[in-house]
Amino acid sequence: MKAMAAKPTTAGTPANDDIGEAKRLALYRSQIRLREAEQRAFDLFLQNLVKGTSHLSLGQEAVAAGFAEAMQKGDLSFCTYRGHAHTLARGVSVEKVLGELMQKDNGLMRGKGGSMHLTSEDHGVMGSYAIIGAHLPIACGAAWRAQYRGDKDVSVCFFGDGTTNIGAFHEALNFAAVWKLPVVFVCENNLYMEYTPIGDVTAVPSPAGDRAAAYGLPKIVIDGNDADVVYREAQKAFAKARAGEGPSLIECLTYRHSGHSRADPAKYRPEGELERWKERDPIKIYRERLKQFGVSEQVMAEIDADVRREVDAATEACKAAPMPPTDILFTDVYADGGWAWRN
Amino acid sequence: MKAMAAKPTTAGTPANDDIGEAKRLALYRSQIRLREAEQRAFDLFLQNLVKGTSHLSLGQEAVAAGFAEAMQKGDLSFCTYRGHAHTLARGVSVEKVLGELMQKDNGLMRGKGGSMHLTSEDHGVMGSYAIIGAHLPIACGAAWRAQYRGDKDVSVCFFGDGTTNIGAFHEALNFAAVWKLPVVFVCENNLYMEYTPIGDVTAVPSPAGDRAAAYGLPKIVIDGNDADVVYREAQKAFAKARAGEGPSLIECLTYRHSGHSRADPAKYRPEGELERWKERDPIKIYRERLKQFGVSEQVMAEIDADVRREVDAATEACKAAPMPPTDILFTDVYADGGWAWRN
Amino acid sequence: MAEISYRDAVARGIAQEMARDKDVVFLGEDVAKAGGCFKATVGLYEQFGPLRVRDTPISEQAILGAAMGAAMTGLKPIAEIMFSDFIAVCFDYIANEFPKSRYMSNGQTKCPLVVRTGNGAGSRFGAQHSQSVENWCMMIPGLKVVAPSSPRDVIGLLAAAVRDPDPVIFFEHKSLYPIKGEVPDGEIVDTLGTAKILRPGTDCTILALALMVPRALEAAERLKAEHGIDAEVVDVRSLVPLDTQTILGSVGRTHRLFTVEENPRLCGWGAEIVSIVADEAFYDLDGPPVRITTPHIPLPAADHLEDMVLPTADRIVETVRRSLNS
Amino acid sequence: MAEISYRDAVARGIAQEMARDKDVVFLGEDVAKAGGCFKATVGLYEQFGPLRVRDTPISEQAILGAAMGAAMTGLKPIAEIMFSDFIAVCFDYIANEFPKSRYMSNGQTKCPLVVRTGNGAGSRFGAQHSQSVENWCMMIPGLKVVAPSSPRDVIGLLAAAVRDPDPVIFFEHKSLYPIKGEVPDGEIVDTLGTAKILRPGTDCTILALALMVPRALEAAERLKAEHGIDAEVVDVRSLVPLDTQTILGSVGRTHRLFTVEENPRLCGWGAEIVSIVADEAFYDLDGPPVRITTPHIPLPAADHLEDMVLPTADRIVETVRRSLNS
Ligand SMILES: Cc1ncc(C[n+]2csc(CCOP(=O)(O)OP(=O)(O)O)c2C)c(N)n1
Ligand SMILES: Cc1ncc(C[n+]2csc(CCOP(=O)(O)OP(=O)(O)O)c2C)c(N)n1
Ligand SMILES: [Mg+2]
Ligand SMILES: [Mg+2]
């Protein structure tokens, strides 16, 4: 709600374009792609083709796109069960993500992990973790490896507002700060844990921002619905990390348009809240931004159509794809490829 | 070290004596008693009569005495493995504490718990916990009961500087703040976790103080070697808790004269550190304080002698006491008094 | 008598106890205003109000720690851990605090609380939201551990757990929430530590728990109809206290033992019971005691894969038949 | 050949591996400058420097999480959890993260790390610092679990654990730290998943682990000398992978099985092995397989009480003798 008041903080003009048209179009494309893919996931769920659970981040695309576009190849993403967008934003194909949601053999993990555990190491997506807070220390470890070896990659760890209240958050932030690790913690504050407003269960107004000082870090709370704002902040944090100056904690104010998970009709929202946030839909904001910078409707429409083609093709491929074969049940428990716990 | 610089912040005169002679003598007596009892425990250890481990808080007596003297009957203490002083300060007899350290039948828990788990519910000592951080949430629960029932007691939870880096600390502080629980968290910053300086592993200079804001609480860092300072701060925090205004987090700067545990010769201290802190020995400070307020050497000597009599008698009683009988091995696993897990 | 779901039985059980005793309080994530992530606690907040039914932060250690502190000082808290897999983030309370404080304090400390948690597979949630972890608790001295298989048992055992003076871990099976069963009117209070012979039989004993109970019953019917094997089916219900009398008694009559558990293979409750029987009733046994378990692998998400790894009626029938005929 | 202590073997094993492979790094509380709370890692900081041997905050979740992240991305971390009881505060990594990531990711993720921890009783530390918790790990699919009983095995199995591409939980027994044993010069690398027959025998098989191994050996000598019973003693060494061939082979020869474990009674490794043997070697057994365990209670602090609850050579002798003569 507080974020509602905030206007986009940087309504740039072509004159002060620090981001540049190519990157802007990439940010736009990415957001559209996340939106279309997740919207499709929802449609497929309504058709009973998505199995298990799934957690959409419709409305939160600017965070995923803004960070991913600021990352370099080799940078590492650590996501949660609400990880479709972050996974897609690193370049994983829509087919592989939808395939996993539909538990088909073409899925990213061939149905073994499911929607909460999307992983694509080839794209730097080092896993999606479904135990709240668990991946923050893990991201520290990856950053430690970079520090130890002198590698220049950054580990980026995404999580929600509710996650700031669990012990692992605290341990990871202190650990990263003391060891000056190249890790960036990104809190997507979408105002709710599952169904409970974050303010009801948190001692401070900014669940991440107001905790930063406890780890010697500056308070950073940004408009998470403006991809440019996100992109710029990400760049700053990554530069700091690569320079060996340690971690950042960035709170992005945003909102999920959908329920917490597929089972949730989100009846707990106060009336009008969703509508107000939809006025600040990141895609709406970004279309206006592009217009400001002189990008034509036609260019946008072409991107939209292009994305739709990917999503449509992916949908067809997933529908046609076979179920995973049952022999994968017993593979990859251990590094030898098998599961033998005895001789 | 930082604390070294701080002079006693309140060198009162009889004119502004908010504490009063009776309480001052009680504070003195308590500190002497803790000192003598723990010193005796150390002697007994050298004689091989203390078994298992033990963690002394020689040098930290002002914290235990200051808080305990501010407590009312019914207030609850939650301690750590370094809990002898807090237990004694609530009025538990020296015999029962030494008896437990010597694992005799007259021990507080008849040798079943050992030195790390001193518990005396009759005195409001609700246990000593040996897993770092575990008792902070437990203290919240006791405070929740008080809040729910409208009881006016306060739960007081003691822990060390190193404990501020574990997850349970964070969860408990947030929980207590959100629920506005009548709980007082007391961090005894003695500059070290076991052997590692707290500054080496903590992102902020004041491990508790600099975290308070993360829970919407004021930063309170006090001289933990001055029992008057401690006593006054405790009173304030208890009043706040009883008024329904929620938790406090108080960091007390202090120093342990002994090693971390009986096994530790404390070689990791920088040269001169111990000596500098001994100049600020809480008992030395308090003797001077009493003199300022016109208490005669003779009164102090009588208290000293009195305490010594208790400690000597306790020592003899413990030496004479039998070992615990073996039939207690199988009692009090369950509330029915037994241990049957099957029929 | 009314037919209600296992899910609704949870709320009814809690309500029965909260109405009876105002020391019973309830806390957990999203349990109050939202009625719980599985909708198993709908209505409690409205009925008992915000002081007794409380939403918490995502802080499982604080939830269990707070429950313990409240229990030590006079309340009888019920704490929800949403998915039993999350016991791993607050395991210190389960393993080191709840079960040891009374003993360490030589009987001074009490800990009458209940931890309710959604256990088990079948929802295609993947490896971190589908585990059966009752053995994580059974192996810890000082706890009590219960896992009901029917709406009636949910109410009766939950009431018994709340009234019990010791810490009880109460495993609700997520895949049983929608199933329905007959429940008598009025107060229901059962007894911890009692197994139930659900189907008497003479040829072998099949022990099962929670979701495995209906599968064992189905298997027994098919064993009889298709193979003429008359299996006795025992719902273990309570792992601690364990009703070894009923179990040993049954094996003493049937001379063959099969356990059906959802736990992964190693160190499950099946291993414990088989070991007890092998030791104490060795000469009663006419053949090897056999455990039917989930294989020792993490759980896959995909529906047909998940279905393949849990013990099924088919697998029970096949295992028993083959074992008895060999 | 030199005689060194189990304690010094730990440092030597770590040093051997760190010298070999610069991807091996080591972290934990007070492990670096102070050389560890049990002085088992003295000298490593001096030898390998502050980048490879690191002191951490009291943050067990951060320690294990960091180890995992480093392992996933190319290092081979060794993490110390000071007392194995503290596994309870970081159990999520043990139960839900380390062992499941490779499977859930369909083989993309690796996790080659070692968690070393001080396990077991005998130091009069009381209920929260004395437990044997190898079963907390054995029951989780996807881990490997090792517990050496001698200085030589400490080095060899630690080296094997570090070189192993999977997460290994390495239980050092606190009461064994001072004991000494012969250790060959030069590199020592053993093999995970191999049990060792330490004393061949014909009348029964006694399986033991860690501190129980010397007790089982002493019992076997006394059984022979005092009762003419010739017991085979097997050091299980590795719970996962489990060397069932050696175990079943031994029982196949001796026809009687005893397990000696420090775990509390329920769901220990003894239960698992007894269940395997009862199922797969039922007709080899001439009498009931018997578990000798610590009773299912929290551990008391007092020395003579603690001594009474752990299995002793006396108790092993008595149990075996009575069981074989009955
Ligand atoms: C340890 C743990 N506790 C509880 C849950 C159940 N849970 C899943 S998502 C969620 C809410 C998380 O809220 P937040 O961090 O704000 O992320 P969001 O879902 O809003 O993206 C909860 C409580 C969990 N997965 N893990
Ligand atoms: C979860 C856990 N981790 C580690 C330990 C081992 N340990 C015991 S005391 C201690 C140091 C605690 O430091 P601090 O909180 O400053 O308290 P102090 O001992 O200085 O009073 C440590 C690491 C423990 N008991 N529990
Ligand atoms: Mg949220
Ligand atoms: Mg300290």
Side-chain angles (χ1 to χ4, degrees), chain B residues 76 78 107-114 116-122 126-131 133-149 151 153 155 167-168 170-176 178-179 181 183 324 328 331-337 339-343, chain C residues 22-23 25 27 51-52 54 56-75 77 89-90 92-93 95-97 99-113 138 141-144 164-166 193-194 239-247 276:
Chain B
L76 304 177
F78 293 83
L108 201 44
M109 301 93 70
R110 302 181 75 189
K112 280 176 88 166
M116 296 205 284
H117 299 290
L118 300 178
T119 306
S120 184
E121 294 216 350
D122 286 348
M126 301 303 291
S128 299
Y129 299 79
I131 307 283
H135 61 316
L136 282 80
I138 297 171
C140 289
W144 172 32
R145 180 263 326 148
Q147 179 187 64
Y148 174 68
R149 289 201 171 154
D151 297 340
D153 59 281
S155 292
H170 178 66
E171 295 193 11
L173 266 288
N174 183 63
F175 191 89
V178 173
W179 287 25
L181 296 176
V183 55
I328 65 170
T331 61
D332 291 319
V333 176
Y334 292 115
D336 64 7
W339 69 295
W341 55 268
R342 62 180 284 185
N343 62 9
Chain C
K22 75 175 192 337
D23 285 338
V25 289
L27 81 170
L51 287 180
R52 295 184 68 190
R54 298 193 73 162
T56 70
I58 308 179
S59 305
E60 278 79 6
Q61 295 191 77
I63 293 170
L64 293 197
M68 178 170 170
M72 286 168 67
T73 57
L75 300 186
V89 302
C90 48
D92 182 48
Y93 294 91
N96 290 326
E97 313 299 340
K100 296 185 167 58
S101 59
R102 181 184 291 274
Y103 187 81
M104 294 193 304
S105 68
N106 192 36
Q108 295 179 67
T109 305
K110 62 180 182 226
C111 192
L113 59 80
M138 185 182 189
L143 298 174
K144 295 179 177 172
D164 194 87
D166 292 308
T194 53
L239 294 173
V240 184
L242 185 66
D243 186 356
T244 49
Q245 282 176 11
T246 298
I247 293 167
I276 292 171

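Chain letters run A, B, ... following the sequence lines, proteins first, then strands; residues in each count from 1. Since this is a predicted model, take the numbers as computed values, not measurements. Only this structure's heavy atoms are used, side chains among them; waters, hydrogens and symmetry mates stay out.
- Within the 4.5 angstrom heavy-atom criterion, atoms from both the backbone and the side chain of K22(C) approach chain B.
- No other option in V240(C), T246(C), T244(C) has as many heavy-atom pairs under 4.5 Å with chain B as T244(C).
- Heavy-atom pairs under 4.5 Å with chain B were tallied for N96(C), L143(C), T194(C); the largest tally goes to L143(C).
- With values rounded to the nearest 0.5 angstrom, Y129(B) atom OH is found 7.5 Å from M104(C) atom CE.
- In terms of heavy-atom proximity, L75(C) sits nearest to Y148(B) at CD2-CD2, 3.7 Å.
- Only the side chain of D92(C) comes within less than 4.5 Å of a heavy atom in chain B; its backbone stays farther off.
- Y93(C) approaches A168(B) most closely through the heavy-atom pair OH-CB, 4.4 Å.
- Comparing C111(C), P141(C), G74(C) by heavy-atom pairs within less than 4.5 Å of chain B, the highest count is held by G74(C).
- Taking the side chain as every heavy atom from C-beta outward, W341(B) and M138(C) never approach each other to under 4.5 Å.
- No donor-acceptor distance shorter than 3.5 angstrom exists from the side chain of D243(C) to the backbone of N343(B), with no hydrogens or angles considered.
- When each of P77(C), S105(C), C90(C) is checked for heavy-atom pairs under 4.5 Å with chain B, S105(C) comes out on top.
- A salt bridge links D23(C) to R149(B): at least one charged side-chain nitrogen sits closer than 4.0 Å to a carboxylate oxygen.
- Contact of M126(B) with chain C is made through backbone and side chain together, with heavy-atom distances under 4.5 Å.
- Counting only heavy atoms from C-beta outward, the side chains of R102(C) and Y334(B) never approach each other to under 4.5 Å.
- Proximity to chain B (any heavy atom under 4.5 Å) is shown, for S101(C), by neither the backbone nor the side chain.
- Under the salt bridge (Lys or Arg N to Asp or Glu O under 4.0 Å) criterion, R110(B) pairs with D105(B), not counting sequence neighbours.
- In this structure, CE in M72(C) is found 7.5 Å from OG1 in T119(B), a value given to the nearest 0.5 Å.
- Remark: N106(C) CG to H117(B) NE2 distance equals 13.5 Å, nearest 0.5 Å.
- With a 4.5 Å cut-off on side-chain heavy atoms, F175(B) and L27(C) count as touching.
- Looking only at side-chain heavy atoms (C-beta outward), T56(C) and W179(B) come within less than 4.5 Å of each other.
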For residues 60-71 of chain C, run the donor-acceptor check on the side chains, cut-off 3.5 Å, and write out each pair with its distance to 0.1 Å, sequence neighbours left out.
none

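- Contact annotation for L76(B): only side-chain heavy atoms (C-beta onward) come within less than 4.5 Å of a heavy atom of chain C.
- Across every non-hydrogen atom of Y103(C) and V333(B), the tightest pair is CD1-CG2, 3.6 Å.
- With rounding to the nearest 0.5 angstrom, the OG1 atom of T73(C) is 11.0 Å from the CD1 atom of I138(B).
- Minimum interatomic distance between Q108(C) and M109(B) (heavy atoms only, all atoms of both residues): NE2-CG, 4.0 Å.
- Contact annotation for E97(C): only side-chain heavy atoms (C-beta onward) come within less than 4.5 Å of a heavy atom of chain B.
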